[in-house]
Amino acid sequence: MNFKKNGANVMSLTPLGHVTFASFYEEENLAAQAAGSLRIAEPGGSALLAAREVATAAGNLTDVTLRGRFSAPAVFPAGPCLRIREPGGTLVAMLTAAGDLLVKGQDQTILPDPGAAGAYLFDTVVYAAPGLIYPAGLTGEYNLFENPTSADYQTRTIDLSDVFPNVSTPNGGDPNYAWPFTIADVPISGMARIPQGAGPFPLILFAHGNHDPTENSTPGYIYLCDQLASQGIIAATIDVNFLNGGLFGENAARALVQLEHVKQFRIWNNAVGHPLSGRVDLSRIVIAGHSRGGEAVGHASLFNRMDSLVPDLPPDDRLVPLDGTGLQPLGPYHFALRAVIAIAPTDDQYQPVEPLLPYRQSSTIVEHTSYFLIHGTMDADVVSFPGYRAYDRALPYDVNDMRRPASGFKSLLWVYNANHNYFNTAWGWDYGQNPPGAPANLMPAATQQTIARVFLGGWAQVHLLARSSYWALFRNPQIAVGQNWVPNPLTLVSQYHDKERLWLQTFDNAGPIQLTAPVTGTVHDGNSTVSKEYLAFGNDAKAFLYEQTGGLRIEWANNGESYNVSHLNFHGDISRFQVLSLRVGQSPEAQNPVNAPQDFTIRVSEGGNHFNAHASTIAALPYPGELSIPPVNTLGWGLDGFDQKMVMQTIRIPLSALAAAGLNVLAIDDVAFVFDVTGQGVLYFDDLQLSL
């Protein structure tokens with residue numbers, strides 16, 4: 001069965017319910033995108049699905065755009081919808097009144113490697129403020145900023161002195177290493193790759209973290225900029241080196257620098273006659289940061305919505321305008337940030353001050369944009385994986401309306417044997433420039449950068465190029481291994497939180513273990529040792545925990561012990577949900593065999609019908625990765641307590657598998673974890689939910 005536009009296949013369905021899109025599909029509001037010969041609308045005339053032509057460097061492509069979401073393999077709900085059948089009457093797909101396309105089989109679309117070069121040619125641009133002359137001591141391509149590509153790419157300076165007191169002092173203040181500017185006239189400097197063509201092209205910016213300021217860290221993400229520009233994205237890596245060195249607490253300034261670079265591209269886009277005039281798609285922007293820059297993207301997502309900032313607690317509680325007023329104005333911002341990317345980030349090195357009396361500081365929460373986090377198990381710099389806390393805080397639920405969708409998605413990738421510095425090609429191994437004695441199992445720099453290309457490229461495909469097919473990569477990152485996009489074997493732990501979810505249990509409540517309202521039911525411990533714990537750093541006996549969430553610890557000593565919730569009542573319609581999801585991970589506690597995966601059975605019941613699956617058949621639960629850098633205690637950073645981190649794995653069970661086992665998925669009454677694979681062990685659980 002083929003759906004055609006102008007004689008060309010847009011979407012094909014087989015008798016098994018497998019769907020193939022012509023190029024890619026987009027999940028979008030179709031109010032202004034319903035043109036074309038293929039158009040399926042609800043009775044009121046509002047489009048649910050339409051085909052359209054998309055211009056690319058290789059020519060026009062035809063794709064399909066959905067008002068809702070795509071799910072495969074899916075459970076077909078009852079109610080008003082368009083049922084799509086084979087000529088013999090077999091139901092293979094359904095288009096719901098919400099615009100969701102549900103298919104019985106799988107998406108068979110062949111996805112190009114998101115880490116590979118695309119078809120666009122691109123221009124290389126250096127932009128900087130005029131008049132910069134760097135001293136001889138500052139090496140590593142700083143001299144590039146002395147000669148912007150053309151007068152069109154001369155920028156401006158900004159005054160950060162109300163936010164942070166000074167730039168750093170490289171090499172102990174030696175004048176041969178002094179910056180040619182002060183904190184009051186910081187230049188907007190960077191290196192960009194700009195696709196050739198009329199555009200408009202979406203925008204992504206990369207910000208480095210802390211490093212020796214005598215070495216320019218900015219070129220370290222050119223490998224990502226080249227790749228993304230070839231795929232039709234304006235990509236730039238920005239200069240924040242003047243905040244590198246022995247400074248601390250400067251992350252608010254880093255965040256503002258990121259936003260000011262976005263502002264610079266907006267200035268160019270709006271400038272008649274500029275080479276970028278009308279060529280920057282200001283509705284599709286992503287900011288990315290590494291290390292301290294990775295923390296700063298979270299602050300930037302917060303500052304982006306603000307018109308003023310209180311940088312410090314009283315008595316130094318002045319209000320800094322972010323609305324574009326002043327001699328060297330900061331802001332205004334309010335950019336259309338589609339997502340942020342945090343690469344091995346720090347956390348809480350800066351805490352925003354709430355601009356209300358009495359003033360108080362609190363951790364930044366990414367709330368209004370999607371969030372992607374990547375970190376390596378052998379990171380010897382940001383050892384403790386504090387970005388995990390930022391991830392847990394991001395896109396929180398509304399305690400007053402637990403059915404309300406989040407405003408974005410979030411995903412996490414924990415890469416075994418990856419380190420901190422190799423995400424930046426200008427940096428050596430975390431202990432220096434590739435010294436002898438590096439661990440044998442340390443991932444090669446080229447491999448680590450391939451992983452960055454694939455997953456950051458996939459995130460950009462979704463959020464900047466509207467290619468929603470790539471969501472599959474974040475729901476199941478092993479796709480990258482199976483498609484040979486990344487080397488095999490590769491151990492990954494991943495998490496994915498959809499914005500559509502209904503919690504059975506968050507474990508964030510005070511008091512005893514219970515279901516999360518509005519869901520009700522009964523909790524049973526099944527003879528296992530069950531405790532609700534706050535999974536957070538601070539417990540010396542459990543230094544492997546570095547989260548910021550409530551969770552469940554389950555220890556079992558005998559085969560067959562269990563934990564389950566029964567008599568479930570969802571108190572509302574759950575027909576849209578297509579997945580039962582949870583987070584689970586094993587710890588390095590003595591009850592778990594060293595360097596061995598853990599496993600258990602997930603059992604879901606409805607009436608007398610049961611579905612059983614070993615967790616390992618869905619996603620592996622590997623033993624926590626070890627830092628393994630000898631000798632561990634030489635840096636004086638307290639690494640002994642941070643050797644291993646327990647990072648949970650998201651397990652997603654398609655409700656279609658339950659339906660195939662004979663369950664009525666709308667009447668699930670029991671979910672159980674049965675510990676019948678290994679004789680003993682400890683696992684931690686969180687976020688039991690229905691999802692998409």
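All of these numbers come straight from a predicted model, not from anything done at the bench.
The main-chain N or O of H567 is never found under 3.5 Å from a side-chain atom of T522 such that the two would form a donor-acceptor pair. T601 places no side-chain N or O within 3.5 Å of a backbone atom of A613 that could act as its donor or acceptor partner. In this structure, the side chain of N592 does not engage the main chain of G681 through any donor-acceptor pair within 3.5 Å. Q495 places a side-chain N or O within 3.5 Å of a backbone atom of M648 that can act as its donor or acceptor partner. With hydrogens and angles ignored, the 3.5 Å screen pairs a side-chain donor or acceptor of K532 with a backbone N or O of G511. Of the possible polar contacts, one joining the T96 side chain to the A98 backbone as a donor-acceptor pair under 3.5 Å is found. Side-chain atoms of D687 never come within 3.5 Å of backbone atoms of L582 as a donor-acceptor pair (strictly under, hydrogens ignored). A donor-acceptor distance shorter than 3.5 angstrom exists from the side chain of E561 to the backbone of N558, with no hydrogens or angles considered. Side-chain atoms of D669 come within 3.5 Å of backbone N or O of G607 as a donor-acceptor pair. For the pair T377 (side chain) and N417 (backbone), a donor-acceptor distance under 3.5 Å is present.
The 12-atom threshold is exceeded at CZ of R305, counting heavy atoms of other residues, nucleotides or ligands nearer than 6.0 Å. Applying the 6.0 Å contact sphere to CG of N527 captures no more than 12 heavy atoms from other residues, nucleotides or ligands.
Between F600 and F685, the angle of the ring planes goes over 60°, which puts this pair in the perpendicular group of the 30/60° scheme.
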Subject >> Test log, rule side-chain contact (heavy atoms from CB on, under 4.5 Å), inputs V64 and R52 >> reply: CA-CA 7 Å; V64 62; R52 65 175 186 171; over 6 Å; no

Subject >> side-chain contact (heavy atoms from CB on, under 4.5 Å) between F570 and L504, intermediate numbers included >> reply: CA-CA 8 Å; F570 299 103; L504 279 67; 4.0 Å; yes

Original post:
Passes side-chain hydrogen bond (donor to acceptor under 3.5 Å, both in side chains), E367 versus S407? Steps please.
Top reply: CA-CA 7 Å; E367 292 188 81; S407 55; over 6 Å; no

Subject >> Candidate pair E589 and Y684, rule side-chain hydrogen bond (donor to acceptor under 3.5 Å, both in side chains), full reasoning >> reply: CA-CA 11 Å; E589 292 169 270; Y684 289 76; 3.0 Å; yes

Subject >> Derivation and outcome, side-chain hydrogen bond (donor to acceptor under 3.5 Å, both in side chains), residues T520 and N569 >> reply: CA-CA 5 Å; T520 57; N569 188 330; 4.8 Å; no

Original post:
Between W503 and V519, does a side-chain contact (heavy atoms from CB on, under 4.5 Å) hold up when you go through it step by step?
Top reply: CA-CA 8 Å; W503 274 270; V519 178; over 6 Å; no

**OP:** List the steps, then state whether side-chain hydrogen bond (donor to acceptor under 3.5 Å, both in side chains) holds for Q689 with R501.
**Re:** CA-CA 6 Å; Q689 60 185 234; R501 64 275 197 271; 5.7 Å; no

**OP:** Take F675 and D599 through the test side-chain contact (heavy atoms from CB on, under 4.5 Å) and record every step on the way to the result.
**Re:** CA-CA 8 Å; F675 306 104; D599 206 357; over 6 Å; no

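Between R69 and D498 there is a salt bridge, with a side-chain nitrogen of the basic residue lying less than 4.0 Å from a carboxylate oxygen of the acidic one. Under 4.0 Å is where a charged nitrogen must lie from a carboxylate oxygen, and between E27 and R467 no such pair does. Using a 4.0 Å cut-off between charged nitrogen and carboxylate oxygen, R67 and E42 count as a salt-bridge pair. Salt bridge present: D347 and R393 bring a charged side-chain N and a carboxylate O closer than 4.0 Å.
In this structure, Q106 and P73 approach most closely via the heavy-atom pair NE2-CD, 3.5 Å. Closest of all the heavy-atom pairs between A619 and I651 is CB-CG1, 4.3 Å. Smallest separation of non-hydrogen atoms from L38 and K4: CB-O, 3.7 Å. Heavy atoms only, all atoms of each residue included: L621 and A615 are closest at CD1-CB, 4.5 Å. The shortest non-hydrogen separation linking G560 to V674 is O-CG1, 4.3 Å. In terms of heavy atoms, D508 sits closest to G550 at OD1-N, 2.8 Å.
Counting only heavy atoms from C-beta outward, the side chains of V340 and V286 never approach each other to under 4.5 Å. Here the side chains of Q644 and S587 are not in contact, with every heavy-atom distance at 4.5 Å or above. E533 has its side chain within reach of K542: a pair of non-hydrogen atoms, C-beta onward, lies under 4.5 Å apart. With contacts defined as side-chain heavy-atom distances shorter than 4.5 Å, the pair H524/V565 does not qualify. In this structure the side chain of L552 reaches within 4.5 angstrom of the side chain of Y563, judged on heavy atoms. Counting only heavy atoms from C-beta outward, the side chains of D100 and L66 never approach each other to under 4.5 Å. Residues E295 and T364 have side chains not in contact (no heavy-atom distance under 4.5 Å, counting atoms from C-beta outward). You'll find the side chain of Q598 reaches within 4.5 Å of the side chain of T678, heavy atoms only.
For H463, the ring pair (Phe, Tyr, Trp, His ring centres under 6.0 Å) partners two or more places apart in sequence, or in a different chain, are W459, W471. Partners of F70 under the ring pair (Phe, Tyr, Trp, His ring centres under 6.0 Å) rule, at least two apart in sequence or in another chain, are F21, Y25.
The one candidate from F385, Y546, F455 that meets the ring-ring contact (aromatic ring centres under 6.0 Å, His included) condition with H375 is F385. Remark: of the listed residues L456, L465, L473, L473 is the sole one forming a side chain to side chain contact (heavy atoms under 4.5 Å, CB included) with P114. When each of I574, L663, L580, V579 is tested with L655 by the rule side chain to side chain contact (heavy atoms under 4.5 Å, CB included), just one qualifies, namely L580.
Distance check, rounded to the nearest 0.5 Å: OG of S691 to CG of L502 gives 10.0 Å. Rounded to the nearest 0.5 angstrom, S370 OG and L395 CG are separated by 6.5 Å. Note that CG of D525 is 11.0 Å distant from OG of S531, once rounded to the nearest 0.5 Å. In this structure, CD in Q478 is found 8.0 Å from OG1 in T491, a value given to the nearest 0.5 Å. Residue T20 holds its OG1 atom at 8.0 Å from CG of L13, rounded to the nearest 0.5 Å. Rounding to the nearest 0.5 Å places OG of S616 at 11.5 Å from CD of Q649.
N564 and S562 are not linked by any side-chain donor-acceptor pair at a separation below 3.5 angstrom, with hydrogens and angles left out of the test.
In this structure, K410 forms a cation-pi arrangement with Y391, its terminal cationic atom sitting closer than 6.0 Å to the ring centre and no more than 45° off the ring axis.
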